[in-house]
Chemist: 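Here's a structure for you.
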Amino acid sequence: MPNITTRNFSQHAFDTLNQYGLPAVLARIYAARGIQQPQQLETELSQLLSFEQLTHVSHIAVLLADAIAERKRLLIVADYDSDGATACAVAMRALRKFGAIVHYLVPNRFEYGYGLTPEIVHLAATSSAGQPDILITVDNGIASVEGVRAANQLGIQVLITDHHLPGDQLPAAAVIVNPNQPGCNFPSKHLAGVGVIFYVMLALRAELRKRSAFAAGKEPNLASLLDLVALGTVADVVRLDSNNRILVQQGLQRIRKGRACAGINALLQVVKRDFRQVSTYDLGFIIGPRLNAAGRLDDMTLGIECLITEDESRASQLAAQLDELNRQRREIEADMQNDALSKLATVIETQESATGSSYSLCLYDPSWHQGVIGLLASRIKEKFHRPVITFAPGNEGEIKGSGRSIPSFHLRDALDLVSKRYPGLILKFGGHAAAAGLTVHEQNFERFRDAFEQTAQALLTPADLIHIIETDGELDEAELNLDLAYWLAGCVWGQGFPEPNFNACFYVESQRVVGEKHLKLKLKKFDSHRSYDAILFFQVELLPPMINAVFRVQANEYNGNTTLQLLLEHWFPIDSMTL
């Protein structure tokens with residue numbers, strides 16, 4: 001059973017924030033997220049880190065400004081997830097505003113895999129639009145050593161913009177802009193791919209301004225792209241440090257004012273979300289998955305077209321197609337998850353007999369869909385609190401894996417360790433601490449599984465495998481109200497800056513199934529006479545009379561009325577004998 005613990009916070013930070021005027025509950029929440037001073041809560045664009053701090057950004061701006069002036073053909077090579085799609089849309093929209101001749105290409109993940117490969121370079125060079133003069137990668141490229149070499153041989157210049165961790169060798173590109181490359185001192189190492197290209201466009205505008213490129217007309221307002229930056233940043237689950245929170249907050253404000261691009265508005269409409277109340281949850285769990293569905297099941301061109309079109313009618317048609325793909329994705333994922341869970345007992349038994357324990361989980365099935373294995377890995381990781389890698393068939397004789405990890409296990413570094421201990425076992429890999437992808441020969445699956453398990457055992461302790469649920473503690477009656485729900489809904493929450501949740505012991509006064517798959521509850525706190533409405537999604541089994549619950553607070557609108565509702569995230573039975 002998971003352990004529930006209350007987030008620690010600095011008493012000094014709490015006192016500082018409370019004395020500044022924040023109510024105690026808010027001061028506690030912020031202090032627990034590392035906020036020391038009220039200034040850290042400011043989200044105005046004036047507080048954004050300067051693009052000048054990003055290594056090589058001035059160089060790439062000069063190269064792009066020259067290319068625009070010389071009417072060179074630019075081709076953006078995008079990634080096939082939400083970050084890649086929004087990054088491509090930002091680049092396309094900005095470069096068109098700057099007068100560039102620009103097109104884009106997004107690899108089909110099933111044919112070409114990830115990143116700027118030699119095959120993608122060949123595809124770009126032989127396209128009907130003609131060989132490009134310059135390739136610009138967005139959200140990829142830092143590991144594309146062979147792809148950049150192939151482009152250089154063809155006389156195509158490569159400009160890399162990426163945020164992924166680099167390998168031992170950097171590509172021989174004309175310029176690389178990546179806050180995580182060696183020697184870059186940009187204070188925020190957590191920019192998403194869309195954040196990196198947004199900064200590049202800021203630098204390019206500054207360079208064009210120096211050249212008096214806007215003397216004859218109005219200078220483009222790049223703040224109009226912040227809705228896309230917010231979407232990609234949240235959907236890519238990068239850490240929401242102070243700089244990313246500014247980007248996301250500013251993007252959310254634009255969306256809430258009805259100033260989002262046609263594609264985001266259409267996606268909100270298709271899921272019946274009010275743009276005036278959009279939150280980071282909507283970006284990460286409603287809009288993001290619909291964009292990702294295109295890259296997972298079909299072709300991310302569909303998602304990119306939705307984000308760059310100015311035609312509201314076309315945006316609506318594309319949003320409807322993305323919504324349908326997401327429905328199909330959910331069905332495929334559900335089947336794969338049921339299949340995986342049925343096999344897990346055997347998998348764990350096999351690993352324990354081979355290595356003496358089970359600190360990780362690796363699963364492969366020839367029938368699984370390559371585009372959904374990342375989601376499957378995430379679901380299994382959440383259930384078992386282990387590093388998980390799931391594999392599906394790739395190119396002939398190969399299988400592709402997608403992994404998700406727990407906080408104490410850096411997945412990309414672990415794969416790097418496996419690759420060095422067992423040369424040739426992993427054909428290629430890349431990613432982050434929490435998520436990574438790799439390719440191995442199908443015949444080597446069991447060998448990789450055992451090597452990965454040995455690495456997990458070396459890097460993890462039994463304590464690391466205990467799921468710790470952190471909360472912001474208990475709320476008294478005065479704090480648990482609609483005002484708190486409204487305030488929380490208006491803020492930016494996400495990876496590294498988690499949305500507040502709380503815990504308490506409740507009597508279950510009533511419960512019923514609604515919508516055939518959710519529990520609607522009436523709960524009364526042990527230390528109070530007050531009852532609260534609550535919802536537990538995706539469970540129909542009734543709860544015991546007394547529970548210890550972890551919950552979030554939200555404003556629930558129904559039939560024109562707004563009431564406080566507790567959204568249960570976890571619950572555990574309480575035995576009356578222990579009271």
Side-chain angles (χ1 to χ4, degrees), residues 56-57 59-81 83-109 111-164 171-178 193-194 196-198 200-201 203-204 208 225 228 232 294-295 299-309:
H56 302 321
V57 76
H59 184 197
I60 198 173
V62 169
L63 293 176
L64 286 170
D66 289 345
I68 292 170
E70 295 166 15
R71 307 300 291 162
K72 289 185 176 180
R73 293 190 298 273
L74 311 180
L75 182 68
I76 299 163
V77 179
D79 187 18
Y80 41 68
D81 65 2
D83 188 17
T86 52
C88 183
V90 164
M92 287 292 295
R93 285 177 169 271
L95 288 169
R96 284 175 174 173
K97 289 176 186 290
F98 296 147
I101 302 171
V102 59
H103 301 280
Y104 73 89
L105 172 65
V106 57
N108 183 300
R109 72 193 302 165
E111 292 182 48
Y112 300 103
Y114 169 79
L116 181 66
T117 61
E119 293 79 10
I120 287 298
V121 171
H122 175 73
L123 187 66
T126 57
S127 70
S128 58
Q131 178 172 305
D133 300 300
I134 296 175
L135 294 177
I136 307 166
T137 71
V138 292
D139 192 32
N140 72 94
I142 196 64
S144 300
V145 174
E146 295 300 323
V148 171
R149 182 180 295 122
N152 289 340
Q153 289 171 351
L154 292 173
I156 303 174
Q157 194 175 48
V158 181
L159 316 181
I160 291 176
T161 75
D162 200 354
H163 70 122
H164 293 93
V175 64
I176 298 175
V177 179
N178 182 337
V194 68
V196 175
I197 194 63
F198 179 71
V200 169
M201 293 301 107
L204 175 55
L208 292 171
L225 303 173
L228 294 165
D299 185 339
M300 187 47 95
T301 301
L302 189 68
I304 294 172
E305 285 297 314
C306 184
L307 297 179
I308 64 175
T309 184

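Numbers for residues simply follow the sequence, beginning at 1.
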Chemist: I'd like to check Asp81 versus Asp139 (side-chain heavy atoms, cut-off strictly below 4.5 Å). Are they in contact?
Modeler: yes

Chemist: Which pair of heavy atoms, one from Thr126 and one from His122, lies closest together, and at what distance?
Modeler: OG1-O, 2.8 Å

Chemist: Please find the pair of heavy atoms, one from Ala294 and one from Gly303, that lie closest to each other, and give the distance.
Modeler: CB-N, 4.2 Å

Chemist: Which distance, rounded to the nearest 0.5 Å, do you find between the CD1 of Ile197 and the CG of Leu228?
Modeler: 12.5 Å

Chemist: Can you tell me how far apart CG (Leu307) and CG (Leu225) are? Round to the nearest 0.5 Å.
Modeler: 11.5 Å

Chemist: Show your reasoning for whether side chain to side chain contact (heavy atoms under 4.5 Å, CB included) applies to Glu119 and Leu123.
Modeler: CA-CA 6 Å; Glu119 293 79 10; Leu123 187 66; over 6 Å; no

Chemist: Measure across Cys88 and Ile76 and return the closest heavy-atom pair with its distance rounded to 0.1 Å.
Modeler: SG-CG2, 4.1 Å

Chemist: So, applying side-chain contact (heavy atoms from CB on, under 4.5 Å) with His59, which one of Val175, Val177, Leu159, Ile176 is it?
Modeler: Val175

Chemist: Tell me every residue that passes side-chain hydrogen bond (donor to acceptor under 3.5 Å, both in side chains) with His56, counting only those two or more places apart in sequence or in another chain.
Modeler: none

Chemist: Between the side chain of Ser127 and the main-chain N/O of Ala124, is any donor-acceptor distance below 3.5 Å?
Modeler: yes

Chemist: Mind listing the closest non-hydrogen atom pair of Ala125 and Ile156 along with its distance?
Modeler: CB-CD1, 4.3 Å

Chemist: Does any non-hydrogen side-chain atom of Ile160 lie less than 4.5 Å from one of Pro171?
Modeler: yes

Chemist: Indicate every side-chain donor-acceptor pair of residues 95-107 with a distance under 3.5 Å to a residue at least two apart or in another chain.
Modeler:
{"residue": "Tyr104", "atom": "OH", "partner": "Glu305", "partner atom": "OE2", "Å": "2.6"}

Chemist: For residues Leu75 and Pro132, report the shortest heavy-atom separation together with the two atoms involved.
Modeler: CB-CB, 3.8 Å

Chemist: Would a 4.5 Å heavy-atom cut-off, applied to side chains only, mark Val57 and Val200 as touching?
Modeler: yes

Chemist: How close do Met300 and Gly295 get, counting heavy atoms only, and between which atoms?
Modeler: CE-N, 3.9 Å

Chemist: Counting distance only, does the side-chain N/O of Asn140 pair as donor-acceptor with the main-chain N or O of Val138 below 3.5 Å?
Modeler: yes

Chemist: Within this structure, what is the CE-CD1 distance for the pair Met92 and Ile308, rounded to the nearest 0.5 Å?
Modeler: 4.5 Å

Chemist: Quick one: does Thr161's side chain have a donor or acceptor within less than 3.5 Å of a partner on Thr137's backbone?
Modeler: yes

Chemist: Under the side chain to side chain contact (heavy atoms under 4.5 Å, CB included) rule, what do Leu204 and Ile68 come out as? Steps first, then yes or no, please.
Modeler: CA-CA 10 Å; Leu204 175 55; Ile68 292 170; 4.1 Å; yes

Chemist: For a side chain to side chain contact (heavy atoms under 4.5 Å, CB included) check, start with the C-alpha distance between Leu64 and Ile136, then their side-chain angles and the critical distance, and finish with the verdict.
Modeler: CA-CA 10 Å; Leu64 286 170; Ile136 307 166; 3.7 Å; yes

Chemist: Check whether any side-chain heavy atom of Asn178 lies under 4.5 Å from a side-chain heavy atom of Val196, and answer yes or no.
Modeler: no

Chemist: Could you list the residues that satisfy salt bridge (Lys or Arg N to Asp or Glu O under 4.0 Å) with Asp133, not counting sequence neighbours?
Modeler: none

Chemist: Any sub-3.5 Å donor-acceptor pair from Gln131's side-chain atoms to Leu154's backbone N or O?
Modeler: yes

Chemist: If you apply the rule side chain to side chain contact (heavy atoms under 4.5 Å, CB included), what do you find for His163 with Asp83, and how did you get there?
Modeler: CA-CA 11 Å; His163 70 122; Asp83 188 17; 3.3 Å; yes

